[in-house]
*Asks:* 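Okay, here's the structure, questions in a sec.
FYI, side chains are in, hydrogens and waters are out, and symmetry mates aren't considered; it's all heavy atoms of this structure. Proteins come first, then strands; the chains are lettered A, B, ... in the order of their sequence lines, and each starts at number 1.
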Amino acid sequence: MDTTRRVYTVSTAEAAGVPHYRQEVAKSNPLLDPVLEWYAANARDLPWRAPGAGAWPILVSEIMLQQTPVARVLPVWTEWMERWPTPAALAAEPPGEAVRHWGRLGYPRRALNLHACARAIVERHDGEVPADHAALLALPGVGEYTAAAVASFAFRGRHAVLDTNVRRVLARAVSGEQYPPKATTAAERALAVSLLPGPEEAPVWAVAVMELGALVCTARAPRCAECPISAECAWRLAGKPAYDGPARRGQTYDGTDRQCRGRLLAVLRQAHGAVPKAALDVVWEDAVQRERALDGLVSDGLAEVLDDGTYRLPA
DNA sequence: CAGACGTGGGT
DNA sequence: TACCCAAGTCT
């Protein structure tokens with residue numbers, strides 16, 4: 001096999017979205033071949049990965065997948081794609097419809113973000129999802145990860161795609177740590193860039209490492225016996241030392257404003273039109289917390305108060 | 001930059 | 001049963 005094709009001169013700044021000087025970053029990546037081979041045999045058959053998948057379906061999937069498992073996204077994504085096959089179709093609806101059809105995916109502000117994305121794409125990009133990383137980053141709800149993912153998966157761009165799966169795989173395989181740092185560091189970005197293959201393979205490398213993290217190199221119980229890079233894995237070679245950093249804080253959801261907001265919004269989603277405040281009052285005992293949560297929903301644009309004191313999803 | 005922001009399934 | 005955590009982003 002020709003190994004020289006795995007040596008590149010690339011711009012680190014360019015990969016970070018800032019075109020500037022050039023620097024040699026990638027030597028050969030020993031993880032590339034085993035990971036690509038594993039992916040070819042084990043990739044899940046997800047609809048947004050279909051060869052003909054457009055940038056809009058991919059963007060929608062990426063936003064829906066933020067902090068949400070694939071299994072729960074699938075049915076909602078399918079419904080959205082039938083209902084709103086283009087940004088223009090979604091942009092023509094009131095934002096409340098996006099929230100209604102978000103269902104119980106969680107973090108409903110993402111529905112609002114997607115709706116705002118659709119309108120921005122229609123207004124600023126002639127209805128087409130932009131291919132440029134910086135333009136993607138400027139869209140609401142699109143951060144560093146999502147911009148890189150869409151630029152890579154939809155437009156075949158060469159970007160370091162650093163999600164929680166990739167960060168975990170690299171932390172283990174390369175850094176010898178059980179878990180990556182809590183927040184993405186410059187060192188992690190530099191490492192990801194240094195492992196980037198050439199333009200032909202960069203997109204499949206990105207999705208393949210993600211898939212490996214999702215299916216094999218999992219957070220809780222990694223399946224090292226099935227891992228294509230276990231022989232090179234620094235963490236396994238070191239005897240799988242336990243994570244020694246600060247404890248990652250637990251969440252505790254019961255009784256929080258988040259739970260309260262979820263209950264209130266569920267009422268609005270299920271209602272046909274506006275609902276009397278009494279219908280909201282019954283879903284949460286604590287009136288002070290309930291009012292605070294309701295105000296929060298309104299100020300976040302997830303709910304509207306009408307002149308008669310009733311509430312509804314934003315029109 | 002730590003904390004807010006939903007929800008449900010796996011262990 | 002609790003607790004962990006899942007393709008993050010924004011403030």
*Asks:* Calculate the interatomic distance between A/E144 atom CD and C/dT9 atom C1'; express it in whole Å.
*Replies:*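 Rounded to whole Å, this separation is 11 Å.
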*Asks:* Just by distance, no angles: are the side chains of A/Q66 and A/Y145 close enough, under 3.5 Å, to form a donor-acceptor pair?
*Replies:* no
*Asks:* What about A/R72: does its side chain form a donor-acceptor pair under 3.5 Å with the base of B/dT7?
*Replies:*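 In this structure, the two groups form a donor-acceptor pair.
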*Asks:* To the nearest Å, how far apart are A/W102 CH2 and B/dG6 P?
*Replies:* 11 Å
*Asks:* Go nucleotide by nucleotide along DNA chain B from the 5' end; which of A/D257 and A/A221 gets its closest nucleotide reached first?
*Replies:* A/D257
*Asks:* Using atom CZ of A/R258 as one end and atom C1' of B/dT7 as the other, report the distance to the nearest whole Å.
*Replies:*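 Spelled out: CZ on A/R258 to C1' on B/dT7 is 10 Å.
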*Asks:* A/L265 has an atom CG; how far is it from atom P of B/dA4, in whole Å?
*Replies:*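 Result: 19 Å.
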*Asks:* More 5' along DNA chain C: A/D163 or A/L139, using each one's nearest nucleotide?
*Replies:* A/D163
*Asks:* Name the closest nucleotide to the A/W48 side chain, picking from B/dC5, C/dA7, B/dG10.
*Replies:*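 Selected nucleotide: C/dA7.
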*Asks:* Report yes if at least one side-chain N or O of A/Q66 is closer than 4.0 Å to OP1 or OP2 of C/dA7; otherwise report no.
*Replies:*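 For C/dA7, OP1/OP2 do not have a side-chain N/O of A/Q66 under 4.0 Å.
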*Asks:* Taking only the side-chain heavy atoms of A/L65 (C-beta and beyond), determine which of C/dA6, C/dA7, B/dG10 contains the nearest atom.
*Replies:* C/dA7
*Asks:* Using the side-chain heavy atoms of A/Y179, tell me which of these nucleotides is nearest: C/dG8, C/dA7, C/dC5.
*Replies:*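 Of the candidates, C/dC5 comes closest.
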*Asks:* Let's see if you can work this out: which of B/dT11, C/dT9, B/dT7 has an atom nearest to the side-chain heavy atoms of A/R220?
*Replies:*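 In terms of side-chain proximity for A/R220, the closest of B/dT11, C/dT9, B/dT7 is B/dT11.
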*Asks:* For A/V70, which contact category applies under a 4.0 Å heavy-atom criterion: base, sugar-phosphate, or nothing?
*Replies:*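 Since a base atom lies under 4.0 Å of A/V70, the category is base.
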*Asks:* Just to confirm, is there a sub-4.0 Å distance from OP1 or OP2 of C/dA6 to any side-chain nitrogen or oxygen of A/R168?
*Replies:*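 Result: yes.
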*Asks:* Assert yes or no for the condition that the ring centre distance of A/W80 to A/W102 is strictly below 6.0 Å.
*Replies:*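 Close enough - the centres of the two rings lie under 6.0 Å apart.
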*Asks:* Which is true for A/L137 with a 4.0 Å heavy-atom rule: it touches a base, it touches only sugar-phosphate, or it touches nothing?
*Replies:*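 No contact.
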*Asks:* Can you say whether a donor on the side chain of A/T68 sits under 3.5 Å from an acceptor on the base of B/dG8, or the other way round?
*Replies:* no
*Asks:* To the nearest Å, how far apart are A/I63 CD1 and C/dC10 C1'?
*Replies:* 12 Å
*Asks:* Tell me: CG of A/L212 to C1' of C/dA6, nearest whole Å?
*Replies:*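 Taking CG of A/L212 and C1' of C/dA6, I get 17 Å after rounding.
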*Asks:* Base, sugar-phosphate, or nothing for A/A214, non-hydrogen atoms under 4.0 angstrom?
*Replies:*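 Answer is sugar-phosphate: A/A214 comes under 4.0 Å of backbone atoms only.
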*Asks:* Would you check if there is a donor-acceptor pair between the side chains of A/Q289 and A/W284 at a distance under 3.5 Å?
*Replies:* yes
*Asks:* Using atom P in both nucleotides, what's the gap between C/dA7 and B/dC5 to the nearest angstrom?
*Replies:* 23 Å
*Asks:* Which of the following nucleotides, C/dG8, B/dG8, C/dA7, is nearest to the side chain of A/R104?
*Replies:*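 Nucleotide nearest to A/R104's side chain: B/dG8.
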*Asks:* Would the distance check show the side chain of A/R168 and the main-chain N or O of A/Y179 forming a donor-acceptor pair, the cut-off being under 3.5 Å?
*Replies:* no
*Asks:* Assign each of A/A183 and A/L105 to its nearest nucleotide of DNA chain B by heavy atoms, then name whichever residue's nucleotide is nearer the 5' end.
*Replies:*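 Counting from the 5' end, the first nearest nucleotide belongs to A/A183.
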*Asks:* For A/R110 and B/dC5, is the shortest distance between a side-chain N/O and OP1 or OP2 below 4.0 Å?
*Replies:* no
*Asks:* In Å and rounded to the nearest 0.5 Å, what is the CZ to CG distance from A/R223 to A/L212?
*Replies:* 11.0 Å
*Asks:* May I ask you to verify if any side-chain N or O of A/T256 is less than 4.0 angstrom from the OP1 or OP2 atom of B/dC5?
*Replies:*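 No, A/T256 has no side-chain N/O under 4.0 Å of OP1/OP2 on B/dC5.
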*Asks:* What contact category does A/A149 fall into here, base, sugar-phosphate, or nothing, at under 4.0 angstrom with non-hydrogen atoms?
*Replies:*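 The answer is nothing, as A/A149 stays clear of every strand by at least 4.0 Å.
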*Asks:* How close or far is atom P of C/dA7 from atom CG of A/L59, stated in whole angstroms?
*Replies:*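 From A/L59 CG to C/dA7 P: 18 Å.
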*Asks:* Taking atom C1' in both C/dA6 and B/dC1, what distance in whole Å separates the two?
*Replies:*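 Their C1' atoms lie roughly 23 Å apart.
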*Asks:* Between P on C/dT9 and CZ on A/R109, what's the gap in Å once rounded to a whole number?
*Replies:*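 In whole Å, C/dT9 P and A/R109 CZ are 13 Å from each other.
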*Asks:* Taking OP1 and OP2 of C/dA6, is either one under 4.0 Å from a side-chain nitrogen or oxygen of A/Y107?
*Replies:* no
*Asks:* So that I can tick it off, tell me whether A/R83 and A/E79 are bridged by a salt bridge, with the cut-off set at under 4.0 angstrom between side-chain N and carboxylate O.
*Replies:*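 Looking at A/R83 together with A/E79, the answer is yes, because their closest N to O distance falls below 4.0 Å.
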*Asks:* Within a radius of less than 6.0 Å around CD of A/E37, do more than 12 heavy atoms belonging to other residues, nucleotides or ligands occur?
*Replies:*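 It does not: A/E37 CD has 12 such atoms or fewer within range.
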*Asks:* Give A/S61 one of three labels, base, sugar-phosphate or nothing, depending on what nucleic acid heavy atoms sit under 4.0 Å from its own.
*Replies:* nothing
*Asks:* Sticking with atom P, work out how far C/dT11 lies from B/dG6, rounded to a whole angstrom.
*Replies:*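 It comes out at 14 Å once rounded to the nearest Å.
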*Asks:* Kindly point out which of C/dA7, C/dC5, C/dG8 is positioned nearest to the side chain of A/R44?
*Replies:* C/dA7
*Asks:* Under 4.0 Å, counting only non-hydrogen atoms across every strand here, what does A/G106 touch: a base, just sugar-phosphate, or nothing?
*Replies:*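 Here A/G106 touches the bases of the nucleic acid.
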